[in-house]
Amino acid sequence: MNKRNRESNNFKSFKGLTPRVRFAPSPTGYLHVGNARTALFNWLFARQKKGASILRVEDTDVERSQDKYEKKLREDLQWLGLAWDEGPESGGEYGPYRQSSRLDIYKKYTQKLLKNKRAYYCFCSKEELEKERETALAAGKMPIYSGKCRTIPPDKARERIKTGEEAAVRLKTPGKGTLEFNDLIRGELSFKLNLFGDPILVRPNGLPAYNYAVVIDDHLMHISHVIRGEDHIANTVRQILTYRALDFPIPQFAHLSMVMGEDNTRLSKRHGATAVDQFNKDGILPSSLFNYLALLGWSPPEGKEVLTRDEIIELFDIKKVSRSAAIFDYEKLSWLNRQHIKKLSPREKAEMAAPHLHKAGLLPDEMSESLWKWLEEAVDALIERVNKFADFPAAFSMLFDFAIDKMGAEEKEILQTECGRKVTLALEERLLDEAEFSYDVLSRISGDIKTETGCKGKDLFHPIRVALTGKVSGLALDKFILLVESGAGLDFPTPLKNCSARVSEIIKKIYGF
RNA sequence: GCUCCUGUCGUCUAGCCUGGCCCAGGACACCGCCCUUUCACGGCGGCGACACGGGUUCAAAUCCCGUCGGGAGCGCCA
């Protein structure tokens with residue numbers, strides 16, 4: 001960040017009004033973290049400034065747009081906690097909010113532009129244009145439309161259309177001079193207009209092109225701040241030219257940097273989980289993703305990074321957003337997720353973990369209240385060892401998997417030592433005398449075992465741990481014993497073995513009697 | 001190829017506009033120690049960066065010039 005001037009332009013028409021921002025995705029696929037961040041920054045800006053947020057669906061690409069994607073998009077946004085003041089579902093006074101329902105509106109303005117000679121019909125075929133492009137590229141120039149249809153007189157053009165010829169509508173651009181605009185994030189930006197050809201406003205099929213529909217919609221929806229990805233910087237030039245031709249006031253722009261994958265290329269499926277939906281399925285809390293996405297390119301003034309939605313709304317500052325691309329770091333998201341998980345109540349944690357455990361076949365279809373109680377304790381005990389809720393089935397193997405055949409070498413070795421043998425056998429014997437087993441009982445009998453076997457310290461407790469859990473590491477024994485003993489009486493699809501059953505099994509399988 | 005954007009620890013960033021408080025601060029990750037009769041959690045500490053080269057200046061991460069790297073755009077896709 002340097003000397004760039006980030007003073008706001010304060011366009012007359014928006015001065016004093018509350019800001020209005022929009023998120024305008026096209027329903028052609030799942031919501032990606034990159035897009036989600038754009039949505040988030042728009043939403044934060046609106047919330048903080050007490051402005052309005054608008055969701056607009058850009059579905060003019062008939063080939064690729066699908067209703068199911070729009071629905072999924074809205075679900076994902078809602079899951080993230082981004083509710084829009086106006087949109088296809090919520091309505092609003094500047095609708096409709098789907099571009100496919102606004103075709104008549106665009107037509108009206110096209111007629112105006114044609115009449116004012118700010119736009120013209122273009123009869124060039126795709127093939128012709130492609131050839132032009134290739135020649136330009138081969139000559140090392142930027143491929144720009146020659147503008148040859150500009151000179152066709154309007155009445156001639158209308159005649160040709162009447163005879164059934166297909167025509168696009170293009171905007172007449174200056175083709176010289178420079179255009180400057182102030183970007184909220186990047187400062188003053190300047191472009192040479194001879195590098196911009198006349199953009200297509202309307203395709204021959206009558207549908208508006210992106211750059212055209214956006215301008216009309218943003219104006220009609222009274223958008224004051226256009227916050228979007230960096231990939232739109234060049235489009236902004238075309239759009240400002242269109243604003244001018246239409247005599248619309250120009251909004252403020254802010255271009256966000258891209259979100260990259262680990263290899264510093266644009267994020268895609270190749271990089272693993274990048275769809276918002278996937279984080280939901282993985283058991284990442286929406287508040288964690290929200291928090292992480294906000295931190296991607298923005299940092300809170302005090303340096304406190306684990307933040308709630310409300311804190312972020314309060315602290316966020318679009319002018320403090322970084323201008324360089326950021327790499328999506330799953331590790332940090334995981335850490336944030338752990339921080340957010342910690343704030344949940346035991347019941348909330350259990351409820352988040354339950355679907356994953358059920359899916360893994362560890363919980364029955366019907367959950368009794370005693371099962372819920374047990375689950376709360378189990379989840380609470382294991383929560384520190386988990387990044388996301390989808391990790392719970394693996395964490396629960398500590399409790400449910402007591403497979404001696406699959407026991408590790410280190411564990412077997414411990415059981416085969418002299419102390420290992422003596423301690424395990426002594427433990428079984430004592431266990432037979434106890435009606436109920438608990439950590440208190442263990443504390444008591446471990447003293448007896450110590451005297452009896454002469455094994456102490458590591459030699460004593462290591463075998464006990466392995467004999468009980470089947471593992472060298474894991475939960476503290478007090479928690480473990482409590483969960484296993486209380487869970488043994490509960491109705492799990494895979495029964496939970498109690499401590500004495502475990503020790504007996506070890507003795508049978510490892511020592512052979 | 002051309003145009004635009006961008007470049008501080010491995011990663012996200014603070015600092016840059018208004019040069020000295022910066023032999024660069026925080027967070028994640030990593031490593032070590034402590035806690036714990038295990039592992040994890042937690043606590044403490046460590047490693048680690050101003051892309052490079054010139055210039056201006058008493059003084060440069062900060063200002064200027066150049067080089068190099070990364071990204072994006074160049075559609076009748078959004």
Side-chain angles (χ1 to χ4, degrees), chain A residues 1-7 24-28 58-61 63-65 99 122 124-126 129-130 133 136-145 166-170 183 185-187 189-192 195-197 199-205 207-211 213-214 229-235 237 255 257-258 260 262 264-266 292 295-306 320 322-336 338 342 382-386 395 398 446 456-462 464-466 469 471-477:
Chain A
M1 222 145 296
N2 53 33
K3 71 258 146 93
R4 275 174 196 283
N5 170 22
R6 284 190 176 190
E7 293 308 301
S26 58
T28 55
E58 311 218 322
D59 57 350
T60 53
D61 184 350
E63 317 263 285
R64 298 196 302 147
S65 296
Q99 290 190 328
C122 172
C124 296
S125 70
K126 272 189 175 177
L129 295 170
E130 189 51 38
R133 262 179 63 85
L137 243 22
K141 285 192 207 142
M142 213 153 141
I144 295 160
Y145 174 61
E166 287 211 322
V169 177
R170 280 185 193 269
D183 190 286
I185 294 171
R186 278 151 220 283
L189 262 26
S190 172
F191 296 85
K192 291 192 182 65
L195 296 169
F196 289 84
I200 296 262
L201 261 24
V202 184
R203 302 173 238 194
N205 66 7
L207 289 174
Y210 165 75
N211 278 308
V214 164
E230 186 180 36
D231 46 341
H232 284 294
I233 291 183
N235 282 330
V237 175
H255 288 96
S257 61
M258 305 273 88
M260 318 293 262
E262 252 172 307
N264 203 32
T265 62
R266 220 170 150 173
Y292 178 70
L295 254 28
L296 213 52
W298 169 80
S299 62
E302 299 295 318
K304 184 190 163 206
E305 292 191 321
V306 183
K320 288 283 207 172
S322 165
R323 304 184 314 204
S324 53
I327 292 173
F328 191 90
D329 184 8
Y330 207 104
E331 294 278 1
K332 184 139 186 180
L333 205 214
S334 288
W335 173 78
L336 268 175
R338 292 200 299 268
K342 278 184 195 167
L382 291 162
I383 202 97
E384 301 289 4
R385 350 175 64 88
V386 115
M398 161 98 218
S446 62
K456 56 182 180 183
K458 249 191 169 149
D459 290 337
L460 173 66
F461 281 93
H462 246 127
I464 291 179
R465 164 169 291 279
V466 176
T469 71
K471 303 250 168 56
V472 281
S473 66
L475 280 177
L477 282 182

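Keep in mind it's a predicted model, so treat the numbers as computed, not measured. The chains referred to below are lettered A, B, ... by the order of the sequence lines, with proteins before strands, and numbering in each begins at 1.
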Checking contacts here: which listed nucleotide ([options]) is nearest the side-chain heavy atoms of [X]?
{"X": "P143(A)", "options": "C12(B), G1(B), G71(B)", "answer": "G1(B)"}
{"X": "L195(A)", "options": "U3(B), C41(B), C76(B)", "answer": "U3(B)"}
{"X": "S322(A)", "options": "C5(B), A29(B), U13(B)", "answer": "U13(B)"}
{"X": "E230(A)", "options": "G26(B), C41(B), C5(B)", "answer": "C5(B)"}
{"X": "R338(A)", "options": "C76(B), U38(B), A29(B)", "answer": "A29(B)"}
{"X": "D329(A)", "options": "G1(B), U11(B), C12(B)", "answer": "U11(B)"}
{"X": "T265(A)", "options": "A29(B), C77(B), G71(B)", "answer": "G71(B)"}
{"X": "R323(A)", "options": "U38(B), G7(B), C12(B)", "answer": "G7(B)"}
{"X": "F191(A)", "options": "A78(B), C4(B), C28(B)", "answer": "C4(B)"}
{"X": "I233(A)", "options": "C4(B), A78(B), C28(B)", "answer": "C4(B)"}

Is [X] touching bases, backbone alone, or none of the nucleic acid, heavy atoms closer than 4.0 Å?
{"X": "G229(A)", "value": "nothing"}
{"X": "A476(A)", "value": "base"}
{"X": "N205(A)", "value": "nothing"}
{"X": "A168(A)", "value": "nothing"}
{"X": "S446(A)", "value": "nothing"}
{"X": "L475(A)", "value": "base"}
{"X": "L129(A)", "value": "base"}
{"X": "C122(A)", "value": "nothing"}
{"X": "H232(A)", "value": "base"}

Does [N] have OP1 or OP2 sitting under 4.0 Å from an N or O in the side chain of [X]?
{"X": "K320(A)", "N": "G15(B)", "result": "yes"}
{"X": "S190(A)", "N": "C4(B)", "result": "no"}
{"X": "R64(A)", "N": "A78(B)", "result": "no"}

Pairing partner of [N] (Watson-Crick or G-U wobble, both distances under 3.5 Å):
{"N": "G75(B)", "answer": "none"}
{"N": "G69(B)", "answer": "U6(B)"}
{"N": "C63(B)", "answer": "G55(B)"}
{"N": "C17(B)", "answer": "none"}
{"N": "A49(B)", "answer": "none"}
{"N": "U11(B)", "answer": "A27(B)"}
{"N": "C33(B)", "answer": "G43(B)"}

Member of L475(A), I464(A), L477(A) meeting the side-chain contact (heavy atoms from CB on, under 4.5 Å) criterion with T469(A)
L477(A)
With a 3.5 Å cut-off and just heavy-atom distances, do the side chain of D231(A) and the base of A78(B) make a donor-acceptor pair?
no
For A168(A), does its backbone N or O pair with a side-chain atom of R203(A) as donor and acceptor, under 3.5 Å?
no
